[in-house]
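Right, one structure below, let's go through it.
These numbers come from the heavy atoms of this one structure, side chains and all, not from hydrogens, waters or symmetry mates. Because the structure is a prediction, the values reported are computed rather than measured.
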Amino acid sequence: MDECLPLGSPDAATLAMLLEKEREQRRAGEQERARLQAGIARQNARIEQLEREVGAVRERLHLLETINAGLIEQNTLLRQQVAALTAHADERPAPHEPEPWPSERTKAAGEQRPRKRRAAEHNHGRPRSCQVDERIEHAVDACPRCGTALTGGWVHRRCQVIELPAPQPARVIEHLVMRRQCPACGRRVLPTVPGITHGRLGRGRFGPRLVAMIATMASVERLPIRQIRERMWREYWLHLSHGGIIGVLR
């Protein structure tokens with residue numbers, strides 16, 4: 001075989017050795033590339049994990065901000081109610097002290113006992129609500145004596161009825177995330193998952209108002225979980241589990 005090789009060229013053993021070295025270098029290069037690709041994959045996985053943790057922290061921050069805003073609003077309302085009650089208590093006149101009964105020795109003949117004056121709060125009618133949401137007029141359309149049609153008139157008496165609105169069931173809004181495919185390039189795309197802009201806190205099912213109300217019941221009104229569940233079902237026809245309420249409070 002060596003006789004077929006040109007003059008000055010390496011022999012077959014040298015070529016085989018060089019070929020083997022080239023193969024070893026190629027295998028080493030492939031192993032190094034595989035090692036680098038594995039390292040890049042681990043780094044990408046770590047980056048995705050960090051991005052998920054950052055997203056969870058941001059969602060929790062949004063949740064805490066919403067709960068804090070609800071508590072601040074509830075605290076403001078309570079302060080206003082306390083201020084109104086305090087002002088009403090300050091405006092109430094002091095009770096009249098009973099005058100001493102005149103003694104029988106100093107009482108002159110024919111002298112009458114002075115009449116006790118009524119307290120100022122008893123000289124007015126029943127207090128009415130300052131805000132009227134609806135007015136209904138009651139009037140007679142025709143004279144009961146001659147049958148003449150009657151129009152106009154004036155207010156003779158006011159009767160206020162304070163009533164609570166009928167309980168409304170809680171709203172359940174379902175967001176359908178649609179996947180669509182481009183007819184030109186065939187790529188499938190998804191929209192952004194509904195978040196705080198659509199009334200969704202994190203990955204849960206509860207909206208900001210519901211979360212704020214549950215937090216207010218637990219922190220301000222000091223209601224236990226059982227009473228919170230009963231109240232939600234009684235007022236909003238909403239059935240919440242014990243674990244769901246605990247998760248919201250956490």
Residue pairs involving residues 227-250 (criterion ring-ring contact (aromatic ring centres under 6.0 Å, His included); sequence neighbours excluded) = none
Quick one: does N44's side chain have a donor or acceptor within less than 3.5 Å of a partner on I40's backbone?
-> yes
Heavy-atom side-chain contact between L71 and S219 under 4.5 Å = yes
Q227, CD: over 12 other non-hydrogen atoms inside 6.0 angstrom | yes
Pairwise distance OG1(T76) to CD(E73) - rounded to 0.5 angstrom = 7.5 Å
Check: I214 and M232 side chains under 4.5 Å, non-hydrogen atoms | yes
Sequence neighbours excluded, the answer for salt bridge (Lys or Arg N to Asp or Glu O under 4.0 Å) partners of R226 is E230
Does any pair with a residue in residues 144-191 pass ring-ring contact (aromatic ring centres under 6.0 Å, His included), and if so which ones, sequence neighbours excluded?
-> H175-H198
Taking every heavy atom of M178 against every heavy atom of P191, the minimum-distance pair comes out as O-CD, 3.1 Å
Which heavy atom in A215 sits nearest to a heavy atom in L249, and how many Å separate them?
-> CA-CD2, 4.0 Å
Distance col, row Q43:CD vs L50:CG, nearest 0.5 angstrom, shows 9.5 Å
List in chain and number order the residues that pass side-chain contact (heavy atoms from CB on, under 4.5 Å) with L63, two or more places apart in sequence or in another chain; answer none if no residue qualifies.
-> I67, L201, V211
CD1 (I228) and CG (L223) are apart, to the nearest 0.5 Å, by 5.5 Å
From S241 OG over to R229 CZ, what is the distance, rounded to the nearest 0.5 angstrom?
-> 7.0 Å
Evaluate the side-chain proximity of V189 to R179: yes if any heavy-atom separation is below 4.5 Å, no if none is.
-> no
Residue pairs involving residues 206-223 (criterion salt bridge (charged side-chain N to carboxylate O under 4.0 Å, His left out); sequence neighbours excluded) | E221-R231
Nearest heavy-atom contact between A142 and G147 is CB-O, 4.0 Å
Output for pair (R205 CZ, E174 CD), nearest 0.5 Å, gives 10.0 Å
Derivation and outcome, side-chain contact (heavy atoms from CB on, under 4.5 Å), residues I72 and Q74 = CA-CA 5 Å; I72 291 175; Q74 188 71 18; over 6 Å; no
Rounding to 0.5 Å, atoms CE (M213) and OG1 (T216) come to a distance of 7.5 Å
Any donor and acceptor pair, going by atom type alone, linking the side chain of Q181 with main-chain N or O of G186 inside 3.5 Å?
-> yes
Under 4.5 Å between any side-chain heavy atoms of L210 and V248, yes or no?
-> no
Residue pair L150 / V140: nearest heavy atoms and the distance that separates them = CB-O, 3.7 Å
Please tabulate, for side-chain N and O atoms in residues 18-32, each donor-acceptor pair with protein atoms closer than 3.5 Å (sequence neighbours left out).
from, atom 1, to, atom 2, distance (Å)
E32, OE1, R35, NE, 3.3
E32, OE1, R35, NH2, 3.3
E32, OE2, R35, NH2, 2.3

Run the side-chain contact (heavy atoms from CB on, under 4.5 Å) check on L77 and N75 step by step: do they pass?
-> CA-CA 5 Å; L77 294 177; N75 188 18; over 6 Å; no
If you measure only the distance, is there a donor-acceptor pair under 3.5 Å linking the side chains of Q131 and D133?
-> yes
